[in-house]
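See below for the structure under consideration.
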Amino acid sequence: MKLNERGLLIVISGPSGVGKSSVRKALFDMPNHDLAYSVSMTTRLPRTSEQEGIDYYFVSEEVFEDKIKNGEFLEWANFVGHYYGTPRDKVEEMLDEGKQVVLEIEVDGALQVRRQMKDAVFIFLVPPAKEALINRLKSRGTESEKELQERIDKAESEYLLAYKYDYIVVNDEVNNAADRIMAIIRAEHARTERTIHKYIELMEGEDSEE
Ligand code: 5GP
């Protein structure tokens, strides 16, 4: 039984190459979860394995900039030369439906969400060692040398913002990291400030029936 009607917003963030999308996918592969993924919009080109509407909505810069002007993003950032953003309406709709909405976004965007959504949960994913992140970025083989270096440089500054998050989770192994995130989500769900109103309502309802 649920004691919270509006869904929880869960922001998974961390440096590029830490494995955010692998961990997010492992989270969504878990049985009996009630999570919903917010598909982002981007102006970067699709990688060969990526699908429109599943991994991202791929749009032109012109379309993206129009949406910025119209205030259609909950947050957006320019990450190493490409735009990335979270469509606001969809997130609000899913939260109103009581879904647990997961955003998987970089650090600038996460901090924008932090300023707007006071009761969201912020998780910072880190590699077990710095080299793990560099090796991962290199082995992925999806970026040019220049872009790879830009992502490595960017990760250096992203690390420093870990203290702004509620939780730090080490991605030593994808399924372990996903387990830890699920434990955080479950615990956050049960927090008194999220459940007390409904709980009181329930108790009062029972009293009046006696
Ligand atoms: P990639 O190009 O590797 O898919 O993503 C680059 C970075 O952008 C990653 O750190 C990824 O988490 C982040 N990202 C993906 N979607 C969004 C979004 O909607 N907003 C923001 N701010 N970052 C995003």
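Both ligands and their constituent atoms are indexed starting at 1 by order of listing.
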Q: Determine, stepwise, if the pair W76 / Y83 fulfils ring-ring contact (aromatic ring centres under 6.0 Å, His included).
A: CA-CA 7 Å; W76 65 272; Y83 287 125; 5.7 Å; yes

Shortest non-hydrogen pair, P127 vs V18, comes out as N-CG2, 3.4 Å

With sequence neighbours left out, the residues meeting salt bridge (Lys or Arg N to Asp or Glu O under 4.0 Å) with K25 are D55

Residue set satisfying side-chain hydrogen bond (donor to acceptor under 3.5 Å, both in side chains) with E173, at least two apart, ordered chain then number -> none

Residues pairing under salt bridge (charged side-chain N to carboxylate O under 4.0 Å, His left out) where one sits in residues 127-138, two or more places apart or in two chains, turn out to be K130-E156

Show me, by chain and number, every protein residue that has a heavy-atom distance under 4.0 Å to ligand 1.
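Around ligand 1, where the cutoff is 4.0 Å for heavy atoms, the contacting residues are K20, S40, R44, R47, Y56, E75, A77, F79, Y84, G85, T86, E104, I105, E106, G109, R140, R151.
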
query: So do V121 and L9 actually touch side chain to side chain, heavy atoms under 4.5 Å?
result: no

